[in-house]
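Below: one structure, written as structure tokens.
Computed from a prediction, not measured in an experiment: that's the story for all the values here.
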Amino acid sequence: MDYKLHLLDSFAARGADGQTYKVCAYEHLVQDRSLPTDGQERWEPNGQVEYRLAGGESVEELPDGSLRLRHSQLTLTPVGLRH
């Protein structure tokens with residue numbers, strides 16, 4: 001495996017449909033092969049963050065900070081503070 005996801009945060013977001021959704025933010029980790037191996041895998045963040053609903057549906061962040069489900073026009077607005 002070349003990369004894996006690490007859960008950074010989860011937060012509530014209100015959909016344009018009036019429902020509340022749980023959004024999870026994951027950072028991408030890539031395997032660091034530059035260090036000598038001691039039998040342990042070493043993973044480093046690559047600066048990329050990915051958002052998904054708790055059910056796994058992919059979410060994209062829009063320039064204004066709102067979110068949209070990728071294969072839908074449903075927009076989400078974060079409720080409260082995001083960490």
Checklist entry - CG of Leu7 to SG of Cys24: how many Å apart, nearest 0.5 Å? => result 5.5 Å
Next on the checklist: My understanding is that only residues two or more places apart in sequence, or in another chain, count here; which of them pass side chain to side chain donor-acceptor pair (under 3.5 Å) with Thr20?
Outcome noted: Arg14
Checklist outcome for this item: Residues Pro78 and Leu67: closest non-hydrogen pair is CG-CD1, 4.3 Å
Checklist entry - Quick one: do Leu62 and Leu74 end up in the same hydrophobic cluster if we chain Ile, Leu, Val, Met, Phe, Trp and Tyr together by side-chain heavy atoms under 4.5 Å apart? => result no
Checklist entry - Quick one: are Val30 and Asp2 in side-chain contact, heavy atoms under 4.5 Å? => result no
Item to check | Within-4.5 Å side-chain heavy-atom neighbours: Leu69 and Leu53 | outcome: yes
Checklist entry - Taking the six-membered ring for Trp, are Phe11 and Tyr51 parallel (under 30°), tilted (30 to 60°) or perpendicular (over 60°)? => result perpendicular
Checklist entry - Rounded to the nearest 0.5 Å, what separation is found between the OG atom of Ser10 and the NZ atom of Lys22? => result 4.5 Å
Next on the checklist: Under the rule for side chain to side chain contact (heavy atoms under 4.5 Å, CB included), what residues qualify as partners of Glu27, not counting sequence neighbours?
Outcome noted: His6, Leu8, Leu29, Pro45
Checklist outcome for this item: Between Val49 and Ala25, the two heavy atoms sitting closest are CG1-CB, 4.3 Å
Item to check | Side-chain heavy-atom pair Gln31, Tyr3 within 4.5 angstrom cut-off | outcome: no
Checklist outcome for this item: Taking every heavy atom of Ala13 against every heavy atom of Val23, the minimum-distance pair comes out as CB-CG2, 3.9 Å
Next on the checklist: Using side-chain heavy atoms (C-beta onward) and a distance below 4.5 Å, is Arg68 in contact with Gln73?
Outcome noted: yes
Checklist entry - Does a side-chain heavy-atom distance below 4.5 Å link His28 with Glu50? => result yes
